[in-house]
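Worksheet: one structure, shown below.
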Amino acid sequence: MTENTQQSPTPAGAEPSNSAHADLPTQYVPAEVEEKLYERWVERGYFEADAKSDKPPYTIVIPPPNVTGSLHLGHAFEHTLIDALTRRKRMQGHETLWQPGMDHAGIATQNVVERELAKEGKSRHDLGREAFVERVWQWKSESGGQISGQMRRLGDGVAWSRERFTMDEGLSRAVQTIFKRLYDDELIYRAERIINWCPRCLTAISDIEVEYADQDGELVSIRYGAGPEDPDSIVVATTRAETMLGDTAVAVHPDDERYAHLVGTEIELPLTGRRIPVVADEHVDPGFGTGAVKVTPAHDPNDFEIGRRHDLPSITVMDEHAIITAHGPFQGLDRLEARSAVVGALRAEGRIVAEKRPYVHSVGHCSRCKTTIEPRLSMQWWVKVGPLAQAAGAAVRDGRVAIHPKEMESRYFGWVDNLHDWCISRQLWWGHRIPIWYGPDGETVCVGPDEEPPAGEGWHQETDVLDTWFSSGLWPFSTLGWPERTESLEKFYPNSALVTGYDILFFWVARMMMFGLYAMDGTPPFSEIVLHGMVRDEHGKKMSKAFGNVVNPLDWMDRYGSDAVRFTLARGANPGVDVPIGEDWVQASRNFANKVWNATRFALMNGATVEGGLPAPEELSSTDRWILSRLNTVVAEVDAYYDDYQFAKLSDLLYHFAWDEVFDWYVELSKTTFAAGGGAARASARVLGEVLDTTLRLLHPVMPFVTETLWTTLTGGESVVIADWPSDSGFRDTAAEQEIATLQQVITEVRRFRADQGLQPGQRVPARLTLEGTGLAVHEAAIRSLLRLQPAGEDFRATASLPVAGAKVELDLSGAIDFAAERKRLAKDLAAAEKELAQTTAKLGNEGFLAKAPDHVVDGIRARREQAEADIARISAQLEALPQV
RNA sequence: GGGCGCAUAGCUCAGCGGUAGAGCGCUGCCCUUACAAGGCAGAUGUCGGCGGUUCGAACCCGUCUGCGCCCACCA
C-alpha cells in the first residue's frame, strides 16, 4: 500500500476525483499490503486491551497451540472465527481481549526434543534432568516465534503484550496455587492403581489420552489345573497370554453352578508351578467364553478391582518398557515376544484348547506416539473429580454456560457425569513439577507458592510433573494474573466465549469448567462454548501426513492472500460441522476479494464518497432507495448470524449481497446515472459510498486486509479496525425493492432472448421501449444501456416484441431472428406455466388445504396462481408477437 | 455393547412441513472503458430404499441399507 491511504477524502461536492484510486492497481495483490497493515495495527495498539476501560469487556482466550508446533489449517480456521468475533465486538465498542499464548504441551514437546537428541545419538538421560529441561526451553525459544509469525500473517488481532506461556512464572504460580488448594481440600490425592502406561513415553497417561482402535489379535483358551486329565481344570481365555505369568486367581460368577464346587479351592497355574485360588466375583459374565476368567491384578484394571475385592496379591511381571521381569524362560522378552513364547510353551504342554484368530478387539494406544498402552500398577497423583465435575455439569444444565451447537451438550454431559478420577502425574521432565515434598520419615508436604520447601536431611521433591492439561485448564484466569486479583482478572473474567474444536471438549473445555468454577468461587470461565469442526480436504477426508493431503496455510496465504484463506474457512463454518477446504475454493475467495477491490476502484473513479449526510429518501432514485433498503436488511441479518455463530451463513450472505446485488446490479444500473452527471449522480455517488463503506465494515472481520486498504482509501478514516460496526438504520423501501425486482425481470428476460438469438452481447440493437404503467420509465436509460439497445431510427421495423411485466420491448432484428427456436422455447415456458396453474388451481380447490393451511400459505398459492396466469398471458402475447413463419 | 450424527445437482455442502438451493465444476456467447481473478445466458436432481402421519413431506414418525464420530472394565 502506498502513502495515499492516508490522504484526506474527496471534498464534499467536488467533482469526481481520480486521485484516490490512482494508485489502486487493477488487481488486488495481497502480498503488497498485508504485512505492512498488520504491523501498523500492532504499532497503533488496536489489539491491546485496557483493564481500566469503562467499555464493556469482550474476552476470548486462544486455545494455546503447542510451542513446538506450527500452525496448520485447523488453527487458521479457529483463529479466523475468533478473530472475526473479536474484531466485530471491537467495532461494536467493546474493550476486546483476544488473549494469545502457547502451551508447553508436556509429552508432545518432550518427545520432539528427545527426537532431536536422538539425532545426536543422545538420550535425555545423558543430559540429566536439569540440562534436558534447559534444552527444551532453548527449543521453545527457537520454535515459539514461528507460531506468532504465522498468526501475524493470518491477521490475528491478539493482545501481544499479554502473551502468556503455560510455563511462565505467573502461570506456574497459578498451577502451584490451585494444586495446593485442591490438596488441602482433599481433591488431590496419591494412590496406587492400574494406570495407562506408555512403554515408549515411559509415563502414565490419563484415560482420555488413550485412543482405542480395533485390532486383530488372537484369543487363546488355556486350561488351568493339573493337566488335561484333571476333572477340576478350568479353561480361561485371553488375548494377552503373557500376563498369565502374573495371575493370582481364577474368577467365576458366584451363581455359576459349573464352578461352584471349585470356588475356594486352588488350581495350578501352568508354567509357573504356582497354585492360585478360584474366587467368585460378580464381575464375571458366566455367558462369556467358558465363564471363567484369569485374574492379573497388576496388569489389568478389572483384575485389579477383583484382586482388591478378594485380597489377592499383585504380581508385576513387566517393567516400564513392557519387558518381562518374571523369573524364568520368558524373562527379558518383550511383551509381544513373550506372548507367542508363552502360547508356544502352553501348547507344548497341551494346554491350549482353542485359538481364535484373527480375533478383533479394541486395543488402546498412546495418543502421542501410538504405542500400545500397557495397563500397569503404579503410584500416581489423582484429582478427585466428583464434586468438580458435578459443578461443571450443573453450570451448563442451569444455563449459565451455553454450548453451541446444542447437540454437543449430550457429549459434554456424558463425560462430566461419568468421570473417573483424573491421573495428573506424569513421569516426564518437561512440565510443572508437582509441589509435593517427601520427608525422611515418609512425611508428605504440599508446598504453596509463597512457602519455603522443607529443608533438611532426607527431604526431596516429587519428581513427577503434571499433566499438561492441568495448566491449560487454568488458562481463562491464569493468563489474567490469578491468583492475584488483578484489574485484568476483574475486567476480563469470566471470558465471553470459548471457541475451540469439539475434539478437545473433554481434554480442555471440561477441565477449564471444573477449574474455573472451583478457583473463581463458582463463576464459570465463560458463558458460551462455541465448538467448531475439523478442517478436512476437499473431499471431506481427514488431513493427515499418511494421505498426503496436508496443506500448509502459509502456502495458500502466499498465493491467494490471508483474506482468501480466511473467507474460505469462514464460509465453510457451519456450527460444529467439519469443514472441507480445497484450493479451488480459496481461489474463488481470492476472486471475491479482487471483485470487491475492483468495485471499490470503480466507485472511487465515479466519485463515491462518504462525506456529508445521506440525501433524504425523497431525493434519491428508486435504485438508490432499493440498495439502501437491502443494505440495512443485510446489516440486520449479518448481526443475527454473528450472534448465533453462523459464520457460513453470514459469509455467504455478504458474498451474494456484495457481488450479486451491489456489484452486478446496483453498480451496473448506476453507470448511466454517473455518466449523466448532475445531482442524481452526486446522490448516487453518496449512496454508493455509503453502501461500500458499510459493506467493507461488515466484511472486515472475515477479510481484514483488503477491507482495510479499501475502506481507508474510500473514507479517509484512520482504520476500519476501529471503525463503528454498522447498525441497521431501519430504512426499508419495499416499493423500491419491488420496482427493481421488476426491472431485473425485464432485463433478464430480454437478455435471455438476446442470448437465445445468438446476438453478441455487445451488439447494439435498435429498439423501442414501452414502459408506461410499469413504473420503470425512469429506468429507460439504464435499461437501454444494460441491454445494448439503440434508439429506434427512421427505418425502425420491429421484428420481435417481448412483453415482460407490463413493459414491452420491441426489437429490430432485421431478419436475423430464429423464430423457430424462440417459439419452441416459449412453448416450453408456456407448458411450465400451465402446469403451475393446474397445480395451484387444484390446490386451491382442495377443501382440506383451505381449511387447515395457514393464511400466508394459502395466499402464497394464490399469488403463485396469479403469477402463473400472468406468465401465461405474457408468454402467449410473446408467442403471438412472433411473426408467423 | 451404548450414544450421537450424516446420506439433497458431477464434487463439497446449505435448506429441516408449504414452488428443490449455493459455491466450485459444466455448456454457449462476449476483452460491453472497475474487474477475463470478469460479464451475460443456460443445463443439471424419482432430496439413500420401503412404509406411515398430513390437505401437503427433502423436512415429522417407523424401518432397512450404507457411512462417520464419541463413549465403554469386548476375559
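So that the names make sense, note that chain A is the first sequence line, chain B the second, and so on, each numbered from 1. Hydrogens, waters and symmetry mates play no part in the numbers below; they use all other heavy atoms, side chains included.
Among the atoms of the strands shown, base atoms are found under 4.0 Å from some heavy atom of A/E836. Across all strands shown, A/N574 has heavy atoms under 4.0 Å from sugar-phosphate atoms exclusively, and none from any base. Nucleic acid contact class of A/S785 (heavy atoms, under 4.0 Å, all strands): none. At the heavy-atom level, A/F413 lies nowhere under 4.0 Å from the strands shown.
Between the side chain of A/Q27 and the base of B/rA37, at least one donor-acceptor pair of N or O atoms lies under 3.5 Å. A donor N or O paired with an acceptor N or O is not found under 3.5 Å between the base of B/rC55 and the side-chain atoms of A/K852. At a cut-off of 3.5 angstrom, the base of B/rC35 holds no donor-acceptor pair with the side chain of A/T26. Side-chain atoms of A/R590 come within donor-acceptor range of the base of B/rA37, with a qualifying N/O pair under 3.5 Å. You'll find a donor-acceptor pair under 3.5 Å spanning the side chain of A/E668 and the base of B/rA34, going by distance alone.
Rounded to a whole angstrom, the distance from the C1' atom of B/rA58 to that of B/rA7 is 11 Å. The gap from the C1' atom of B/rU46 to that of B/rC4 amounts to 30 Å, rounded to the nearest Å. The same atom, C1', is picked in B/rA9 and in B/rG42; the two are 15 Å apart, to the nearest Å.
A sub-4.0 Å separation between OP1 or OP2 of B/rC30 and a side-chain N or O of A/Q760 is present. Proximity of A/T748 to the phosphate of B/rA41: a side-chain N or O atom is located under 4.0 Å from OP1 or OP2. An OP1 or OP2 oxygen of B/rA37 is reached within less than 4.0 angstrom by no side-chain nitrogen or oxygen of A/W659. Under 4.0 angstrom from either OP1 or OP2 of B/rG38 there lies at least one side-chain N or O belonging to A/N591. One finds no side-chain N or O of A/K541 lying less than 4.0 angstrom from the OP1 or OP2 phosphate oxygen of B/rU12. For A/Y666 and B/rA34, the shortest distance from a side-chain N or O to OP1 or OP2 is not below 4.0 Å. Dashed line: the shortest gap from a side-chain N or O of A/R751 to OP1 or OP2 of B/rA41 is under 4.0 Å. The shortest distance between the side-chain N/O atoms of A/K835 and the OP1/OP2 oxygens of B/rU19 is not below 4.0 Å.
A/D578 and A/Y502 share a side-chain donor-acceptor pair at under 3.5 Å. In the model, A/Q867 has a side-chain atom that pairs as donor or acceptor with a side-chain atom of A/D871 under 3.5 Å.
In this structure, A/I747 places its CD1 atom 14 Å from C1' of B/rG39, rounding to the nearest Å. B/rC69 atom C1' lies 10 Å from atom NZ of A/K542, rounded to whole Å.
The number of heavy-atom neighbours closer than 6.0 Å to CZ of A/R308, taken from other residues, nucleotides and ligands shown, is 12 or below.
A donor-acceptor contact shorter than 3.5 Å links the side chain of A/H310 to the backbone of A/A280. Between the side chain of A/D644 and the backbone N or O of A/Q646 there is no donor-acceptor pair closer than 3.5 Å.
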